[in-house]
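What's counted below: heavy atoms across the whole structure, side chains too, no hydrogens, waters or symmetry copies.
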Amino acid sequence: MTDLFETRTEILPSRKLSGRVSGLFEALAGDFVTTPAASLELTFDGIVGDFHAGPTRKSGGREPWYPRGTEMRNERQLSILASDELADVAAGMGLSDLKAEWIGGNMVIDGIPALSMLPPRTLMFFEGGVTLKVDGQNAPCKVAGRSIGEHADTEDHTTTALDFVRVSKRLRGIVAWIEKPGTIRAGEKVDVRVPEQWIYPI
């Protein structure tokens, strides 16, 4: 059976990439919107004092298999974005700019092609010693889209929110959790290890 799976399944080898942290942000004001930071102090709970910190979180619309509000493991401790993808989304929405802070970004990384497509289990090793593990893509939502409308002062925030959901699919970055804590500083190099990938054949 194993041999049959191997002949039917294309397995892409693991690979290594490198990028650099071009921006750091934290949400310390009790809301998901973030503000710039020179560094982020990370524990196993996430960013110290951040809106999304904690070992667990409450389920929401992303987890329809649980009653809303069910306590579950927090795999969404950090939101990571790419500046080129932010620019693509802004252009697709007809905006001159789209700041990571408006949609709750904690980190912007440059130099990683198609950052939003990094698969689950990808490891991110930061120059200062922190390791993050990617959970997966961060699906766009209307709450973040409405925040864009408010910050960009668009005429119709509802239309802006819907545009964001449509345009930013697979461009809205990734979420990750802390595998090895420490401090990340702006400008740090990050080495990315993409695991083997395959499509489950059954």
Look at the side-chain heavy atoms of Ile, Leu, Val, Met, Phe, Trp and Tyr, link any pair under 4.5 Å apart, and say whether [X] and [Y] land in one connected group.
X	Y	answer
F51	V33	yes
I47	W177	no
I178	V21	yes
V134	L24	yes
L40	L132	yes

Verify, without hydrogens or angle tests, whether [X] (side chain) and [Y] (backbone) share a donor-acceptor contact under 3.5 angstrom.
X	Y	value
T160	G149	no
K180	G129	yes
S147	W102	yes
E101	T34	no

Positive for side-chain contact (heavy atoms from CB on, under 4.5 Å) with I184, one of N106, V190, V130: V130

Establish, from distance only, whether the side-chain atoms of [X] and [Y] form a donor-acceptor pair under 3.5 Å.
X	Y	answer
R170	Q137	yes
S59	R68	no
N74	T56	no

Residues L12, E196; criterion side chain to side chain contact (heavy atoms under 4.5 Å, CB included); working and verdict: CA-CA 6 Å; L12 301 180; E196 285 187 334; over 6 Å; no

Evaluate the side-chain proximity of [Y] to [X]: yes if any heavy-atom separation is below 4.5 Å, no if none is.
X	Y	answer
V108	D110	yes
V143	F32	yes
L118	V194	yes
R73	P55	yes
F164	R172	yes
I174	D135	no
L123	E179	yes
L81	I103	yes

So which atom in [X] and which in [Y] form the shortest heavy-atom distance, rounded to 0.1 Å?
X	Y	answer
A152	L95	CB-CD2, 4.3 Å
R121	P195	NH1-CB, 3.5 Å
E188	T183	OE2-O, 3.6 Å
L42	P181	O-CB, 3.2 Å
P120	G136	CG-CA, 4.3 Å
G173	E85	N-OE1, 4.3 Å

Carboxylate-amine/guanidinium contact K99 D97, below 4.0 Å: yes

K189 bridged to D191 by N-O distance under 4.0 Å: yes

Let me confirm one number: the [atom1]-[atom2] distance from [X] to [Y], rounded to the nearest 0.5 Å.
X	Y	atom1	atom2	result
T9	I199	OG1	CD1	9.0 Å
L17	I112	CG	CD1	5.0 Å
I148	K142	CD1	NZ	14.0 Å
S116	L171	OG	CG	5.5 Å
Q197	R15	CD	CZ	9.0 Å
I109	S18	CD1	OG	11.0 Å

Worked check of side chain to side chain contact (heavy atoms under 4.5 Å, CB included) between R146 and T158: CA-CA 6 Å; R146 183 170 290 276; T158 299; 2.9 Å; yes

Intermediate values then yes/no, side chain to side chain contact (heavy atoms under 4.5 Å, CB included), N138 and R62: CA-CA 10 Å; N138 194 3; R62 292 183 176 89; 3.5 Å; yes

Exceeds 12 heavy-atom contacts within 6.0 angstrom, atom CD of E41: no

Neighbour count above 12 (heavy atom, 6.0 Å) for R20 CZ: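 Yes, the 6.0 Å shell around CZ holds more than 12 heavy atoms from other groups.
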
Full working for side chain to side chain contact (heavy atoms under 4.5 Å, CB included) between F125 and R193: CA-CA 8 Å; F125 297 91; R193 293 187 185 179; 3.4 Å; yes

Test applied, side chain to side chain donor-acceptor pair (under 3.5 Å); reference residue, R57; option that passes from H52, Q77, E75, E71: E75

